[in-house]
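None of these values were measured; they are calculated from a predicted model.
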Protein chains: 2
Amino acid sequence: MNPTILVVEDEPAIQELLAVNLKHAGFLVARAASAEEGDAVIRAALPDLVMLDWMLPGQSGIALARKLRADERTKELPIIMLTARVHEEDKIQGLEAGADDYITKPFSPKEMVARVRAVLRRRSPHLAGEAINIGGLKLNPATHRVTSGDQNIELGPTEFRLLFFFMTHPERVYTRAQLLDDVWGDHVFIEERTVDVHIRRLRAALEPYGHHERIETVRGTGYRFRGN
Amino acid sequence: MNPTILVVEDEPAIQELLAVNLKHAGFLVARAASAEEGDAVIRAALPDLVMLDWMLPGQSGIALARKLRADERTKELPIIMLTARVHEEDKIQGLEAGADDYITKPFSPKEMVARVRAVLRRRSPHLAGEAINIGGLKLNPATHRVTSGDQNIELGPTEFRLLFFFMTHPERVYTRAQLLDDVWGDHVFIEERTVDVHIRRLRAALEPYGHHERIETVRGTGYRFRGN
DNA sequence: AGAATTTGTGACCATTTTGTGACAGTCCGG
DNA sequence: CCGGACTGTCACAAAATGGTCACAAATTCT
């Protein structure tokens, strides 16, 4: 359902930045810190798109791109190159190597995500994220907006992520632990009850529009978003 | 409730990729980086399926597979092998070792998840997250919903667990002690008559839909869920 | 039939689980 | 450096659930 994106980037901070924003946009993210590692991951499991840093320790990103294009199995794999700057000659090299798009640092996260969507859409339209509409409650991942009819619903960041997760996984019950894992991130140490509080805040925000009852409590287990 | 999958894979990036996609599909994921570690994990807590890399440092995956098949307690444990390529001879070895399916690298994450579901479904449908349907009474473990036709049946947590147990073990008589063990958990100290009360509550909840008579009393012994 | 067992039922209350409001720390833009 | 937005925790309130009990009803045994 959700596309998997492989991020090949040696700088931890930038890798993290990319990963967070992509996850936030609903993508699944795999990471690699070097071209070799990226190559290994790709040989094991084809992602839907590769985001490849131009400059990598050891084998360069562009070399990996060429290699991918040369292999029958990865010929079609979309590639986005990350570069400090694109000179004309780099561009030519890159086009040769077969990148589908470039993103130059520094980049805005929103733009980055938009580029990823654009490339995915070109390859296979259904992978790109469209606005989700469930019973009149609309969430647009691209514009980061939640609306009901023409009314704008203001949400804090966490509320937004929570609602996004629910709307992309309707009808299914999630425990507090699972929600912490999926919405907050794996390694955090947060009280499970904190989830309750955010559920409440989200409900309060949706309440004026009547959508609050979509978030159902499943006693003894967790919460569920009613998808119909 | 959600099936647990043990991933035995030494390559961190691939392990992560597997884990991310499996979690996303609603599975709980345990990890091990070597056959030995995997073995230990399995002995500590039986997962519902093992995804086993063919090539592992030290003891090979295939050796672990054989070992699992040889042990009475893990004889039935579904195994999916991850291989770089399957030669005919590997296949024979693998079949001997008792793998239920193979996934050859590179694989697409979506396909991988589909395979896992397929294997689980073969063993026991409800583990694949499928609803159980007995005579029009439907129980969906993923959404934690019980329905008859399009009517929603509200159940408390214990009632739900009890019904789940019955529906996954129809046609068989259970004593109160066995039910306490299986539905409540081993170590509890609860009056046996308490089971009767919950049976009654469950019957009451099912009664408006005519399914109450499925729960049959076997005098002098216990209860049975009629499976057809 | 009458007594003895076993199971069904309704009610009660303690415990557990969830909802809510408040609060203090952090982060960020101005 | 200030003020506002946002988050994670707490403590307490509200709700629901769960285990028992006492008694009724049903079944079996003499």
May I ask you to evaluate whether A:T158 reaches the phosphate of D:dC6, defined as a side-chain N or O under 4.0 Å from OP1 or OP2? no

Are B:L139 and B:F160 close enough, and set up right, to give a side chain to side chain contact (heavy atoms under 4.5 Å, CB included), and what steps lead you there? CA-CA 9 Å; B:L139 183 151; B:F160 185 86; 4.0 Å; yes

Winner on side-chain proximity to A:P157, out of D:dT7, C:dT7, D:dG19, is D:dT7

To the nearest 0.5 Å, atom CD of A:E171 lies from atom CG of A:N228 at 7.5 Å

For the residue pair B:F166 and B:F225, does the interplanar ring angle fall in the parallel (under 30°), tilted (30 to 60°) or perpendicular (over 60°) class? parallel

Taking atom C1' of C:dT18 as reference, at what distance in whole Å does atom OH of A:Y174 sit? 21 Å

Between P on C:dG19 and CD1 on A:I199, what's the gap in Å once rounded to a whole number? 8 Å

Anything under 30° is parallel, anything over 60° is perpendicular, the rest tilted; go ahead and classify A:Y174 against A:H169. perpendicular

Under 4.0 Å between a side-chain N/O of B:W184 and OP1 or OP2 of D:dG19, yes or no? yes

Distance, rounded to the nearest Å, where B:R161 contributes CZ and C:dT16 contributes C1': 13 Å

Atom pair distance, as rounded to whole Å: CD in B:E154 and P in D:dA15: 17 Å

Identify which nucleotide among D:dG19, D:dT9, D:dT7 has an atom closest to any side-chain atom of A:T194, counting heavy atoms from C-beta outward. D:dT9

So does A:R219 reach the base of C:dT17 with its side chain, donor to acceptor, closer than 3.5 Å? yes

d(CZ, B:R201; P, C:dT7) in whole Å: 18 Å

Hey, does the side chain of A:T217 come within less than 4.0 Å of C:dG19's phosphate (OP1/OP2), counting only N and O? yes

Interatomic distance where CG belongs to A:L180 and C1' belongs to D:dT9 [whole Å]: 13 Å

In whole angstroms, the gap separating C1' of D:dA24 from CZ of B:R193 amounts to 12 Å

I need the CG-C1' distance between A:L162 and D:dG8, as an integer number of Å. 14 Å

Short side-chain N/O contact from A:Y223 to OP1 or OP2 of C:dT17, under 4.0 Å: no

Taking the side chain of B:R200 as heavy atoms from C-beta outward, which of C:dT7, C:dG10, D:dT9 is closest to it? C:dG10

Candidates B:T221, B:D181, B:D196, B:T194 - the one meeting side-chain hydrogen bond (donor to acceptor under 3.5 Å, both in side chains) with B:R176: B:D196

